[in-house]
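Heavy-atom basis, side chains included; hydrogens, waters and symmetry copies ignored. In each ligand, atom 1 is the first atom listed, and ligand 1 is the first ligand listed.
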Amino acid sequence: MKKLFLIANWKSNKTIEDTEKWLHDFSEKVKIEPLNLDNKEIIVCPSFTVLEHANYCAKNLNLSIKIGAQNISKFREGAYTGEVSAEMLESLVVYCIVGHSERRKYFGETDDDVIEKIKFLLGYKITPVLCISDLSQLESYVNRGKQIIERAEEIIFVYEPPDAISGGGEYKPDSPEDANLNAGKIKERIGETKILYGGSVNSDNVSSFFSQPNIDGALVGQASLDPLEFLRIIKNA
Ligand code: PGA
C-alpha cells in the first residue's frame, strides 16, 4: 500500500489561539473516532508565529502529526530584515513548503530563489515540499539546481496548477485524470519519488485523486482550516 501525505497549508490564517483550538478540536474528535495512520503522514503548516506553540500542543495532546513551515529565507543569515532562515527552523519543523505559486505571484519569488531555498532545506534536513505549477517550471528547476534530480528522493513534489487553487471559498479542482497525467510526467522526468496534488482538495473529492496511481497525497489549503473537514479528508483518503 502506498504511503499518503496529507499536508495542511494554512497560508496566512490562524493566531496562536486559533491554532490551539484547531489542535484541540482535532484531538477531541480523534479520541472518539481514532485514526488509522499506518500508511498516512499528516503534516500541518501554520505561520512562523505559531510553529513553536503548535509543536508544544501537538506533543501535549499526543497527536501523530508533524509540523511544517510555509516558507524559508533564501539567505543563510545576516542583514535580511524579516527573514527566517533554515537554521532557525531546524528545531521547529520537519517539512517546509517552497515555491508556492502565491509566493511567486505576491512576493516575486523566482526559480533561482526556490533553488537556493531547497539547498538550505536539504542542508538542514528539512524536507522540501516543492510546488510545481506546470512542467516547464519543473524543467527550469532541473536546469538550475542539480539537487532536483540528484536528491529527488528527499524532496516531496506537489503538482499544483494555480488555476485549481480555491478562491473566495469556491473549489475549482483540476480533474483527477489530468492531475495523474502530470504527476506521471513529473515522475518520468525526475525518477520515482513522491508527487502530491494540490488545488481545491476537500473531503468530497480527495478519494478521486488518491485512487490515481501517480498521486501520493495532497496539499490542502482552504479545506484544512476546519479541523473536522481536514479529518474527513484524512479518513476519505
Ligand atoms: P486550496 O489551496 O486547497 O485552498 O486550493 C491549496 C494550496 O494553495 O496549497
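- Looking at heavy atoms from C-beta onward, Leu35 lies out of side-chain contact with Lys40 at the 4.5 angstrom threshold.
- The nearest protein atom to atom 9 (O) of ligand 1, hydrogens excluded, is given as Glu160 OE2, 2.9 Å; this is a heavy-atom distance.
- Shortest contact from atom 3 (O) of ligand 1 to any protein heavy atom: Gly221 N, 2.8 Å.
- The closest protein non-hydrogen atom to atom 2 (O) of ligand 1 is Lys11 NZ, 3.3 Å.
- His53 and Glu20 are linked by a side-chain donor-acceptor pair at a separation below 3.5 angstrom, with hydrogens and angles left out of the test.
- Among residues at least two apart or in separate chains, side chain to side chain donor-acceptor pair (under 3.5 Å) pairs with a member in residues 189-200 are Glu139-Arg189.
- Atom CG of Asn39 has more than 12 heavy atoms from other residues, nucleotides or ligands within 6.0 Å.
- At a 4.0 Å cut-off, not a single heavy atom of Gly198 sits close enough to ligand 1 to count as contact.
- Protein heavy atom nearest atom 4 (O) of ligand 1, with residue, atom name and distance: Ser166 OG, 2.6 Å.
- At a heavy-atom cutoff of 4.0 Å, ligand 1 is contacted by both the backbone and the side chain of Ile165.
- In this structure, Lys29 pairs ionically with Glu33, as a charged nitrogen and a carboxylate oxygen lie closer than 4.0 Å.
- Close approach to Gly199 involves these atoms of ligand 1, each under 4.0 Å from a residue heavy atom: 5 (O).
- Heavy atoms of Ser200 come nearer than 4.0 angstrom to ligand 1 in at least one pair.
- In the vicinity of Gln222, heavy-atom distances shorter than 4.0 Å reach the ligand 1 atoms 1 (P), 3 (O), 4 (O).
- Applying the side-chain contact (heavy atoms from CB on, under 4.5 Å) test between Val93 and each of Leu51, Thr127, Ile72 identifies Leu51 as the sole match.
- Ion pairing between a basic and an acidic side chain is recognised when a charged N comes within 4.0 Å of a carboxylate O; Glu188 and Lys185 show no such pairing.
- Taking any N or O of Ala223, backbone or side chain, none lies under 3.5 Å from an N or O belonging to ligand 1.
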